[in-house]
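Source: prediction; values computed, not measured. Atoms within a ligand are numbered from 1 in the order they appear, just like the ligands themselves.
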Amino acid sequence: MDKMDLSYIINELGEDRELYFNAMAPPIMQTSNFVFRKVDALSRAFEDEMSGFLYSRGLNPTVDILRKKLAALDGAEDCLVLNSGAAAIFASVLANVKAGDHIVSVRKPYTWAERLFSVLLPRFGITTTYADGGEAADYEAVLQPNTRLIYLETPNSWTYAIQDLQGIAELAKSRGIITIVDNSYCTPIYQQPIALGIDLTIQSATKYIGGHSDTVAGVITGSTALIRKIFENEYLTVGSGIQPFNAWLLLRGLRTLPMRLEQVTQTTRRVLDYLKSHPKVEATLFPLDPDFPDYERARKQMQGACGLLTFIYKTDSRAEIVGFCEALQHIFMAVSWGGHESLIIPRCAGIDPAHFRPEKKEHRMLRLYVGQESADYLIADLEQAFLSATGG
Ligand SMILES: *Cc1c(COP(=O)(O)O)cnc(C)c1O
């Protein structure tokens, strides 16, 4: 498929303004059902719900504009937009496994992907092995005769583990195994998994696509055949398609996606440099930093990186980390990322204080999301919080 111009995709593709009074902004087609005048036309829609508009649990015109843009951004043939990133993971995985099958997943995928693999799917006789390392050989080593699916997330969050997408896709193709990658960190602007041979790409659109911390949504892109298979079964059965208003918010978010990422990229670089030079920071993790352990592989397959980074606080004291987080005036403590506002989460929030061990680096990790604020504004906030936490 020819690569379309990014500006065209974002500003025009999928939009037919003559259909709606030449309005610049697309309408929110807030309807559950669609009217038919001919029985034959209704029959056709029953037979193939992807052939037209029947009912908004299936297709909807506002959602369709978004589907076309998101498919084109990924260089994919087709796309489905769901009510959350977790729903996108659920539908894309479920569509490609059956009882007795085996999945190979990256170690430590997103929390609710791991719950699916470790808790839900075993109830139906589907097992998962977690692979360590990012090379095709690391995946080949744990394949079984019944492996049907390889599930990746590169970079993953917190540690930004990188997997060789092209190498693993080639391995999978040679064995008839489907590949899925969670591309939420990079978005299609900074990483193009389909071009590297991956079958299905998923994203949490809650993050950068929405970009304003006001919508929960997920994306699946892939070939016409794989997307149709998901649509006709999991998508319609689970009923987790996105609602028209949320689709409209994502369309609005998309208009500024490239410039938001560009801005965050520049600010992230400055904040990272500040943290790397700070005496209370033992180490930082950011995939496109030359000091990152897997920098070369990241650079090879990613066109950019921004926003999320992790730093290890140099201290023996949980209280100091708590004091630092609670002293921040402008950086909010909250989950998620990709919005306009900078966010922080200390790893120790998920660890029983009695089990906090300062000798474990992981316990002293903080994940920072750099938003749309100026670098100076964020660095000043970090600086005063370090001073406050150390009693300065
Ligand atoms: C947030 C996130 C998800 C889940 O997306 P939701 O929209 O919250 O359901 C999946 N993968 C990654 C990497 C995420 O950060």
Remaining members of the apolar cluster that contains L249, side-chain heavy atoms under 4.5 Å |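 I28, F245, W248, listed by chain and number.
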Would you confirm whether the ring centroid of F386 sits within less than 6.0 angstrom of the ring centroid of Y313?
->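 Centroid separation for Y313 and F386: below 6.0 Å.
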Please find out if less than 6.0 Å separates the ring center of Y160 from that of F286.
->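 No: the rings miss the under 6.0 Å criterion.
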Listed by chain and number, what are the salt bridge (Lys or Arg N to Asp or Glu O under 4.0 Å) partners of R252, not counting sequence neighbours?
->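 R252: no salt bridge (Lys or Arg N to Asp or Glu O under 4.0 Å) contacts found.
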ring-ring contact (aromatic ring centres under 6.0 Å, His included) evaluation trace for W112 with F90 = CA-CA 9 Å; W112 300 100; F90 187 76; over 10 Å; no
Hey, can you pull the donor-acceptor pairs under 3.5 Å for the side chains in residues 322-332, sequence neighbours left out?
residue : atom : partner : partner atom : Å
Q329    : NE2  : A327    : O            : 3.3
H330    : ND1  : Y377    : OH           : 2.8

Can you produce the list of protein nitrogen or oxygen atoms under 3.5 Å from a nitrogen or oxygen of ligand 1, alongside each distance?
residue  : atom   : partner : partner atom : Å
ligand 1 : 5 (O)  : S204    : OG           : 3.0
ligand 1 : 7 (O)  : G85     : N            : 2.9
ligand 1 : 7 (O)  : S204    : OG           : 2.9
ligand 1 : 7 (O)  : T206    : OG1          : 2.6
ligand 1 : 9 (O)  : G85     : N            : 2.9
ligand 1 : 9 (O)  : A86     : N            : 2.8
ligand 1 : 11 (N) : D182    : OD2          : 2.6
ligand 1 : 15 (O) : K207    : NZ           : 2.6

